[in-house]
Amino acid sequence: MFDIKWIRENSALFDAGRERRGLPPLAADLLALDDTRRSAIAASQVAQERRNAASKEIGAAMKAKDNERAEALKAEMAELKASAPALEEAEKRAIVVLDRALAEIPNLPLDDVPFGRDENDNPELRVVGEKPVFSFTPKEHFEIGENLGLMDFETAAKLSGARFVVNKGPLARLERALGQFMLDLHTGEHDYAEINPPILVRDDALFGTAQLPKFEEDLFAAHAGRLPQEGGGDSYWLIPTAEVSLTNLVRESILEERQLPLRFTALTPCFRAEAGSAGRDTRGMIRQHQFSKVELVSIATPEQALIEHERMLGCAETVLKRLGLAYRVVTLCTGDMGFSSQKTYDIEVWLPGQGRYREISSCSVCGDFQARRMNARYRPEGGKATRFVHTLNGSGVAVGRALVAVLENYQREDGGVNVPEALRPYMGGLTAIMPGSGTR
RNA sequence: GGAGAGGUGGCUGAGUGGUUGAAAGCACCGCACUCGAAAUGCGGCAUAGGUGCAAGCCUAUCGGGGGUUCGAAUCCCCCCCUCUCCGCCA
């Protein structure tokens, strides 16, 4: 969320940044709302001031036993009070109107973010690893999984409809192994603290990381008992990413500079309605309503943020390197960035079955955009005034898609799948999942 | 779900209708004392918003929202959260 004062003082910069994102200018409209807000506040405060003063006089008059004067003042006060509700109402309304407008404005790209209109304009930053060479035509992950009898979309549809899957036996274990492996890597070698956070959260948490108010249709909601309008109990949202839970760990708090950067990681289920994705990636596990993901979140000072961003990207890349997966890193161009981000790197893993790179991680630095929404601050060493922290988040990495990548990259001509070296300790030493192995 | 106790500044904790934005202590900052430190003494120390070149002034804020009153941290109502006991439960 932007600070209206900053927009007031940097309106040209603000609109120029929006133009880079392909958005129309907005500063003039916002400043008009701000003028309305400020004059409404001023008018209301003048009235308040008079009332406070009169009230004190009444107190003094009563103390002095001057009842006549007190009564006269009370009469005057009654008149003042009559006009108060309208003034207060106008003030409140003007504040809400501006706040609502500000809450729906996306973050602006940093200067070094490449200009572009959409995902086709994302420049490749680097390409890493060797794509595997096959002596046969590589299959897509769902063919592999279904042929093994371990990946079942039909049964999942009976339980839950489209965009769900049932994984079984060694395949289920392989997915668990991936999650464990990533978590161990980030906690053991990358200095992240393991967190097991709530995955049901309130509105406020989602407002903090800016999934609300604008992206409600992408979320799933949960209600105790029946729907609220039918007399149900408390309502929650299911997190679309652990970024929500992990980032909001510091909401409404004042940290000490020496604590920073804070690094959190979590392995959680994520839930997405995929409202705008009808017809896309309908086959297989690429785009599911429910998937698990290892998330990385850093809370940093403004000075640390960009260094931390590169570091986080490196942590995510290490996952793919250890798994022996080929990938490339792209920098999202100005037109393709997410709502909260100032700069985003995507890691795209090579999928031989699809014959293309697919996103498996996204690492973003958000500046103080989310910190303002959460009111998360820190106290600089030796300083008195607080500053907003900077927040970063990244996938480290998406577990469901990592499973897809392992299946497609480690598939064998006989229909089996080799287990990557790094995962074997988590698979009880198993070196390959073989056809006909069953679910045990 | 039932019964009860609470939510006050960075922290602890006073405060039941009138200069209370809020005592006191701790922490922190400055000064004095000291060769230096500790101890001690004196002073300072909330946040947000509005206004002003500035010093400053004004408004709001004692979990959140309403209400009573000339006036609310203090009284009333609703909600949220924490804790204790009971019930239920993985």
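Residue numbers start from 1 in every chain, and the chains themselves are labelled A, B, ... in the order their sequence lines are given, proteins ahead of strands. Just so you know, these numbers come straight off a predicted model, no measurement behind them.
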Original post:
Please, which pairs that meet ring-ring contact (aromatic ring centres under 6.0 Å, His included) have at least one residue in residues 13-65 of chain A, sequence neighbours excluded?
Top reply: A:F2-A:F14

Subject >> A:R373 charged N/C atom sitting above A:F207 aromatic ring, 6.0 Å / 45° >> reply: yes

Subject >> Salt-bridge present (A:E140, A:R358; N to O < 4.0 Å) >> reply: no

Original post:
Starting at NZ of A:K92 and ending at P of B:G64, how long is that distance when rounded to a whole Å?
Top reply: 14 Å

**OP:** Check the side chains of A:E308 and A:S298 for a donor-acceptor pair under 3.5 angstrom, ignoring hydrogens and angles.
**Re:** yes

**OP:** Give the rounded distance in Å between these two atoms: CZ of A:R51 and P of B:U19.
**Re:** 18 Å

**OP:** Under 4.0 Å between any heavy atoms, over every strand shown, what does A:K56 touch: base, sugar-phosphate, or nothing? Just pick one.
**Re:** nothing

Original post:
Which of these, A:N375, A:V297, A:L260, A:L262, sits in a side-chain contact (heavy atoms from CB on, under 4.5 Å) with A:V250?
Top reply: A:L262

**OP:** With sequence neighbours left out, write down each residue that passes ring pair (Phe, Tyr, Trp, His ring centres under 6.0 Å) with A:H309, or none if nothing qualifies.
**Re:** A:Y345

Original post:
Given the P atoms of B:C28 and B:G18, what is the spacing between them in whole Å?
Top reply: 36 Å

Subject >> Euclidean distance for C1', B:U20 against B:C78 (whole angstrom) >> reply: 27 Å

Subject >> Atom C1', compared across B:C88 and B:A73: separation rounded to whole Å >> reply: 38 Å

Original post:
Atom NZ of A:K74 and atom C1' of B:U68: how far apart are they, to the nearest Å?
Top reply: 14 Å

Subject >> Span that lies between the P atom of B:G87 and that of B:G65, in whole angstrom >> reply: 38 Å

**OP:** Can you tell me the distance, in whole Å, between the CG atom of A:D204 and the P atom of B:G64?
**Re:** 13 Å

**OP:** Take the protein atom CG of A:L87 and the nucleotide atom P of B:A60, then report the distance between them rounded to whole Å.
**Re:** 14 Å

Subject >> The single option from A:T209, A:N107, A:N248, A:T391 passing side-chain hydrogen bond (donor to acceptor under 3.5 Å, both in side chains) against A:Q370 >> reply: A:T391

Subject >> P atoms of B:C29 and B:C45, separation to the nearest Å >> reply: 16 Å

Original post:
Looking only at side-chain N and O atoms, does A:Q48 come under 4.0 Å of OP1 or OP2 in B:A60?
Top reply: yes

**OP:** Let me have RNA chain B in dot-bracket notation, would you? Count Watson-Crick plus G-U wobble pairs, both distances under 3.5 Å, and use [ ] for pairs crossing earlier ones and | for inter-strand partners.
**Re:** ((((((((.[[[..)..(.....]]].(((((.......))))).((((((....)))))).[[[[[..)....]]]]])))))))....

Original post:
What heavy-atom pair brings A:E217 and A:A273 nearest, and what distance separates the two atoms?
Top reply: O-CB, 3.4 Å

Are any protein N/O atoms closer than 3.5 Å to N/O atoms in nucleotides 49-51 of chain B? If there are, list each pair with its distance.
unit_1: B:G49; atom_1: N2; unit_2: A:Q45; atom_2: OE1; d: 3.2
unit_1: B:G49; atom_1: N2; unit_2: A:Q45; atom_2: NE2; d: 3.3
unit_1: B:G50; atom_1: OP1; unit_2: A:R37; atom_2: NH2; d: 2.8
unit_1: B:U51; atom_1: OP2; unit_2: A:R38; atom_2: NH1; d: 3.3

**OP:** With C1' as the reference atom in both, quote the distance from B:C75 to B:G52 in angstrom, rounded to an integer.
**Re:** 40 Å

Subject >> 5' precedence on RNA chain B between A:A54 and A:R377 (nearest-nucleotide basis) >> reply: A:R377

**OP:** Could you state the atom-to-atom distance from CZ of A:R379 to C1' of B:C28 in whole Å?
**Re:** 9 Å

Original post:
Taking atom C1' in both B:A27 and B:U12, what distance in whole Å separates the two?
Top reply: 11 Å

Subject >> Pair A:F215 + A:F339: ring centers closer than 6.0 Å >> reply: yes

Subject >> Span that lies between the C1' atom of B:G15 and that of B:U74, in whole angstrom >> reply: 8 Å

**OP:** Could you check A:V319, A:T268, A:L183 and say which one makes a side-chain contact (heavy atoms from CB on, under 4.5 Å) with A:V294?
**Re:** A:L183

Original post:
Does A:N52 place a side-chain N or O at less than 4.0 Å from the phosphate oxygens OP1/OP2 of B:C58?
Top reply: no

Original post:
Got a sec, which residues hit side chain to side chain contact (heavy atoms under 4.5 Å, CB included) with A:T431, two or more places apart in sequence or on another chain?
Top reply: A:R424

Subject >> Smallest separation among heavy atoms of A:R163 and A:S277, with atom names >> reply: NH2-O, 3.0 Å

**OP:** Find the distance A:E252:CD to B:G10:P and express it as a whole number of Å.
**Re:** 13 Å

Subject >> Smallest separation among heavy atoms of A:L178 and A:L423, with atom names >> reply: CD2-CD1, 3.6 Å

Sub-3.5 Å pairs of nitrogen or oxygen atoms, protein against nucleotides 80-82 of chain B:
unit_1: B:C80; atom_1: O3'; unit_2: A:R202; atom_2: NH2; d: 3.3
unit_1: B:C81; atom_1: OP1; unit_2: A:R202; atom_2: NH2; d: 2.4

